Asker: 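Here you go, one structure.
Since the structure is predicted, the reported quantities are computational estimates derived from the model, not experimental observations. Every chain is numbered from 1, with letters handed out A, B, ... down the list of sequences.
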2 protein chains.
Amino acid sequence: MLFLGLFVLILAKEAMADVNCNPDLASNKLSLDEIRDSLIRQEDTIVFCLIERAKFPLNPKLYHRNHGFTGSLVEFIVRETEAIQAKAGRYENPEENAFFPEHLPRPLVHPRKYPKVLHPSGASINMNKPIWDFYFNKFLPLLVADGDDGNYAATAASDLACLQALSRRIHCGKYVAEVKFRDAPHEYEPPIRSQERDSLMKLLTFEAVEEMVKKRVEKKARVFGQEVTLNNTVDGGKYKIDPLLAARLYDEWVMPLTKEVEVEYLLRRLE
Amino acid sequence: MLFLGLFVLILAKEAMADVNCNPDLASNKLSLDEIRDSLIRQEDTIVFCLIERAKFPLNPKLYHRNHGFTGSLVEFIVRETEAIQAKAGRYENPEENAFFPEHLPRPLVHPRKYPKVLHPSGASINMNKPIWDFYFNKFLPLLVADGDDGNYAATAASDLACLQALSRRIHCGKYVAEVKFRDAPHEYEPPIRSQERDSLMKLLTFEAVEEMVKKRVEKKARVFGQEVTLNNTVDGGKYKIDPLLAARLYDEWVMPLTKEVEVEYLLRRLE
């Protein structure tokens, strides 16, 4: 049993190379396979975050603009938490984009040198405004129950975790676009030169892949959102979030916004 | 399909009553069944947090005391994040205990009125010092790989999520103790009057239940930590964290510290 445990632990520890979309610092290589592994791992994070947010009801007071702050309570908490994380160097990582990027404090720790693999014009794309809007205005009311349980701080921390996970996933589109461009510049250069948004979107769209992603996310919501008891050996059909809603999140917002990032990135790729 | 989705959604939204250990505000009732449901739901949260922390290597720089702060970088991030959450009223909830409770700012929002079900002497118990110590010094090195990937802010946010989930679970011991005392005061009063720690510990220990909890947590780590693909129908035997380590976390630290909270609470229950 101890040996088995050790073996599993080694496996678990080896499976960790797929956190980042940006390339391995040592090799500086950027491959579509690695980015895909990272995107697949990020699905788990996103589903966990949704399940955790759904523990709380809507808690609408968080989103009202009547607390005497500039903006809502959730804006206050996100802005202040981002400021702390900026001090710890979060936004030095080109995969991370702040929701309130204005006036972020400088890192207090010596920032890591991230390899510059992204084209500078595209690296600065920040899609967090539409992410914020769809998350709070469209998606959240579908995810959670109505009501107010007073757990505002915990709920807002949970919202921030969801937003950061979604933002990271969607902005990985920059890396997807960069590697696709490098792999086939002859395909991308003509529509980039003529700034044809629709042609680029068509080049980047693979419906069969998107269907597969939606199905996998739905399955993850089912597996991670099930009630695990010692007796059940099969999924009891009762889930903490609606698996179809997780698929819809990807269908309506995550995948379209990722492609939007990719298109925006490519449009600037030859600047 | 739409109807099925709606049905599942309703189920999911109904399943949310088990977030809190403290009683339903409307009914002011406190039952052991409800507390148990909450503790079981919190296992999922804890396992999710561990899986997310294990995405990152140890990142030891977070824990060194050489950044020019008072304390380590992780201390700085936890202290500052707790201060923001205090402003949003987190610590008005008697289930929440801060890791740096000194000088917490006052809430900026009108705090909710939580029912006073805990005995005042026991309500102030804070076990976060031993939680912090075992988490960083004993548990974390077993959970994560060695190494430094520079994601300090994200790693610290992940540590904080783990710490808060563990703290909440362990401090629920106050509610467990209160309800057990109320259910059988004649059993608890003699050892409380004679301040017999060991007798109280014996009254609170049910080995069969503890075995079941460990098994269930291990199973949750297996279910939630598996690699979900569209093809696999059975668990592929590869996990993001070692399931036995999750069980060990409960065995060596979570359950003993919860009982420690219960004993401390009871020792003060007749003050």
Asker: Measure the shortest side-chain to side-chain distance between A/Lys240 and B/Asp44 over non-hydrogen atoms and say whether it is less than 4.5 angstrom.
Answerer: yes

Asker: Could you measure the distance from the OG1 atom of A/Thr229 to the NZ atom of B/Lys215? Nearest 0.5 Å is fine.
Answerer: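 If I round to the nearest 0.5 Å, the distance is 15.0 Å.
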
Asker: Which atom pair, heavy atoms only, marks the closest approach of A/Lys87 to B/Phe76?
Answerer: CD-CZ, 3.6 Å

Asker: Is it true that B/Arg41 and A/Glu227 have a side-chain N and a carboxylate O under 4.0 angstrom from each other?
Answerer: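 Between A/Glu227 and B/Arg41 there is no salt bridge, as every charged N stays at least 4.0 Å from the carboxylate O atoms.
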
Asker: Carefully, step by step, assess B/Lys55 and A/Thr45 under the rule side chain to side chain contact (heavy atoms under 4.5 Å, CB included).
Answerer: CA-CA 10 Å; B/Lys55 284 200 297 193; A/Thr45 298; 3.0 Å; yes

Asker: Side chain from CB out, backbone as N, CA, C, O: work out which of these in A/Ile40 comes under 4.5 Å of a heavy atom of chain B, or both, or neither.
Answerer: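 Contact with chain B is absent: no heavy atom of A/Ile40 under 4.5 Å.
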
Asker: Look up atom CG in B/Asn151 and atom CD in A/Glu95, then write down how far apart they are to the nearest 0.5 Å.
Answerer: 7.5 Å

Asker: Nearest 0.5 Å, what's the CD-OH distance between A/Gln85 and B/Tyr152?
Answerer: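 So the gap between those two atoms works out to 15.5 Å.
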
Asker: Got a second to check how far A/Glu80's CD is from B/Ile84's CD1, nearest 0.5 Å?
Answerer: 5.5 Å

Asker: Output the option from B/Glu52, B/Arg90, B/Lys220 having the highest count of non-hydrogen pairs under 4.5 Å with chain A.
Answerer: B/Glu52

Asker: Could you tell me how the ring of B/Phe48 sits relative to the ring of A/Phe48: parallel (under 30°), tilted (30 to 60°) or perpendicular (over 60°)?
Answerer: parallel

Asker: Between B/Ile51 and chain A, which part of the residue has a heavy atom less than 4.5 Å away: side chain, backbone, both or neither?
Answerer: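 It is both, since atoms from each part get that close.
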
Asker: Measuring from atom NZ of A/Lys214 to atom CG of B/Leu230, what distance do you get when rounded to the nearest 0.5 angstrom?
Answerer: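 One finds 12.5 Å between NZ of A/Lys214 and CG of B/Leu230.
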
Asker: Is there a side-chain contact between B/Lys61 and A/Val109, using heavy atoms and a 4.5 Å cut-off?
Answerer: no

Asker: I need the minimum non-hydrogen distance between A/Phe224 and B/Val223, along with the two atoms involved.
Answerer: CE2-O, 3.9 Å

